[in-house]
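Some notes on the structure that comes next.
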Amino acid sequence: MKTVLITGASSGIGRELAKVYARNGFNLVLVGRRENRLDELKKEILEDINSGILINGLVLDLARSESIQRLVDFLEEKGIQVDVLVNNAGVGIFGKFSDLSNEEFEKNLKLIDVNVKALVELTWIFLRKMKERNEGGILNVASVASFQPGGPLMATYYASKSFVLTFTEGIREEMRGSNVRISTLCPGPTMTEFEKMEEISGIFNKMKTMSAKKVAEIAYRDFSRGKSIIIPGKLNKIAVFFGKFIPRNLALKIVKKIQEKK
Ligand SMILES: NC(=O)c1ccc[n+]([C@@H]2O[C@H](COP(=O)([O-])OP(=O)(O)OC[C@H]3O[C@@H](n4cnc5c(N)ncnc54)[C@H](OP(=O)(O)O)[C@@H]3O)[C@@H](O)[C@H]2O)c1
């Protein structure tokens with residue numbers, strides 16, 4: 001039986017990905033900060049899917065540097081080999097960068113720790129093991145925001161998601177010819193706790209959103225097929241495609257207008 005490690009499994013897309021992987025017979029290692037949410041999910045999967053899989057929930061704050069080592073120690077203690085890594089945990093923060101208070105600025109640094117640093121560290125740790133075995137897969141969660149030249153009023157978030165896309169495409173090319181699958185998931189607006197958590201509201205409700213379940217199902221299917229960049233939903237695909245023809249300065253103005261409406 002194969003094992004998938006999913007970060008940010010306590011809600012939203014990560015939670016739905018856990019269910020999809022469980023339905024496909026994977027053992028699960030689920031990471032998040034909210035223990036009760038991980039326990040609830042574990043119970044739900046065991047009751048509803050009940051396919052004899054093993055589920056381990058691990059309460060970790062990925063913004064803390066010691067968390068990665070705790071995760072590695074936990075897997076070693078339990079003798080768990082990670083076959084698929086899903087770097088899904090992520091946060092978004094709204095606000096004009098020059099107006100951030102000290103506290104808000106600290107939050108932005110934590111965003112980089114979670115969205116970028118932890119993702120890179122986990123990729124490095126597990127990719128080397130997968131390379132040795134010449135088997136495995138890594139799915140990194142970016143966003144349609146990754147394709148924008150910048151994200152006024154959410155500058156660190158957009159930059160972090162551009163990083164995820166560029167980084168993942170880079171290592172995918174490095175691993176070409178191997179049996180290790182590497183993909184980037186770029187969801188568009190998706191109904192999750194994302195907006196509640198970091199004061200993002202308004203526009204997400206007005207725009208066409210997808211369900212986290214649908215996003216997870218498409219992600220699982222396209223990742224299994226070895227697709228490089230997975231953009232769930234026709235509208236999102238179209239927006240990304242035509243976005244390439246918009247001059248960068250105009251795209252920045254459009255993103256700013258969208259963010260200002262929040
Ligand atoms: N929703 C959208 O519209 C959308 C669009 C594009 C991309 N995305 C990306 O999709 C991914 C999942 O987001 P979502 O929409 O499903 O939002 P969500 O429901 O808020 O889920 C975010 C997950 O990340 C975890 N997380 C956040 N900070 C963490 C930390 N410091 N340590 C460990 N886990 C942490 C949360 O768990 P705890 O709170 O329990 O720690 C939660 O499980 C993110 O990378 C996001 O950027 C979302």
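Read the numbers this way: they start at 1 and go in the same order the structure lists the ligands and their atoms.
- For the pair Lys19 and Glu16, the salt-bridge criterion is met [side-chain N within less than 4.0 Å of a carboxylate O].
- For the salt bridge (charged side-chain N to carboxylate O under 4.0 Å, His left out) condition, the pairs that include at least one residue of residues 171-180, sequence neighbours left out, are Glu173-Arg176.
- Close contacts of ligand 1 with Gly12, meaning ligand atoms under 4.0 Å from a residue heavy atom, involve 16 (O), 19 (O).
- At a 4.0 Å heavy-atom cut-off, ligand 1 touches Ala9 through the backbone alone.
- For a threshold of 3.5 Å applied to N or O pairs, the pair formed by Gly8 and ligand 1 contains at least one separation below that value.
- Within ligand 1, counting atoms from 1 as listed, the ones closer than 4.0 Å to a heavy atom of Val141 are 9 (C), 10 (O), 11 (C).
- Using a 4.0 Å cut-off between heavy atoms, Lys161 contacts ligand 1 through its side chain alone, with no backbone atom that close.
- For ligand 1, the atoms closer than 4.0 angstrom to any heavy atom of Ala142 are 7 (C), 9 (C).
- Under 4.0 Å from ligand 1, not a single heavy atom of Cys186 appears.
- Using a 4.5 Å heavy-atom threshold, the side chains of Phe223 and Leu185 count as separate.
- Less than 4.0 angstrom separates some heavy atom of Asp61 from each of these atoms of ligand 1: 30 (C), 31 (N), 32 (N).
- Using a non-hydrogen distance threshold of 4.0 Å, Thr7 does not register as a contact of ligand 1.
- Ligand 1 does not have Gly92 within reach: every non-hydrogen atom of the residue lies 4.0 Å or more from it.
- Within ligand 1, the atoms closer than 4.0 Å to a non-hydrogen atom of Leu60 are 32 (N), 33 (C), numbered from 1 in the order shown.
- Salt bridge present: Arg34 and Glu193 bring a charged side-chain N and a carboxylate O closer than 4.0 Å.
- Ring pair Phe242/Phe245 is tilted by interplanar angle, where 30° to 60° counts as tilted.
- Residue Ala145 places every heavy atom at 4.0 Å or more from ligand 1.
- For ligand 1 and Val91, the ligand atoms under 4.0 Å from any heavy atom of the residue are 27 (C), 28 (N).
- Residue pairs that meet the salt bridge (charged side-chain N to carboxylate O under 4.0 Å, His left out) test with at least one member in residues 57-79, sequence neighbours left out, are Arg64-Glu66.
- In the displayed structure, Glu35 atom CD is contacted under 6.0 Å by at most 12 heavy atoms of other residues, nucleotides or ligands.
- Using a 4.0 Å cut-off between charged nitrogen and carboxylate oxygen, Lys253 and Glu260 do not count as a salt-bridge pair.
- Ligand 1 places these atoms under 4.0 Å from at least one heavy atom of Pro189: 3 (O).
- A pairwise comparison of heavy atoms in Ile231 and Lys237 identifies O-NZ, 3.1 Å as the closest pair.
- Taking only nitrogen or oxygen atoms, main chain and side chain alike, Val114 does not reach within less than 3.5 Å of ligand 1.
- Connection of Leu153 to Ile93 is established within a shared hydrophobic cluster, with ILVMFWY side chains joined at heavy-atom distances below 4.5 Å, either directly or through further cluster members.
- Residues Thr7 and Asn88 approach most closely at OG1-N, 2.9 Å, considering heavy atoms.
- Of all the heavy atoms of Asn88, the ones lying under 4.0 Å from any atom of ligand 1 are found in both the backbone and the side chain.
- Each of the following atoms of ligand 1 lies closer than 4.0 Å to a heavy atom of Ala63: 31 (N).
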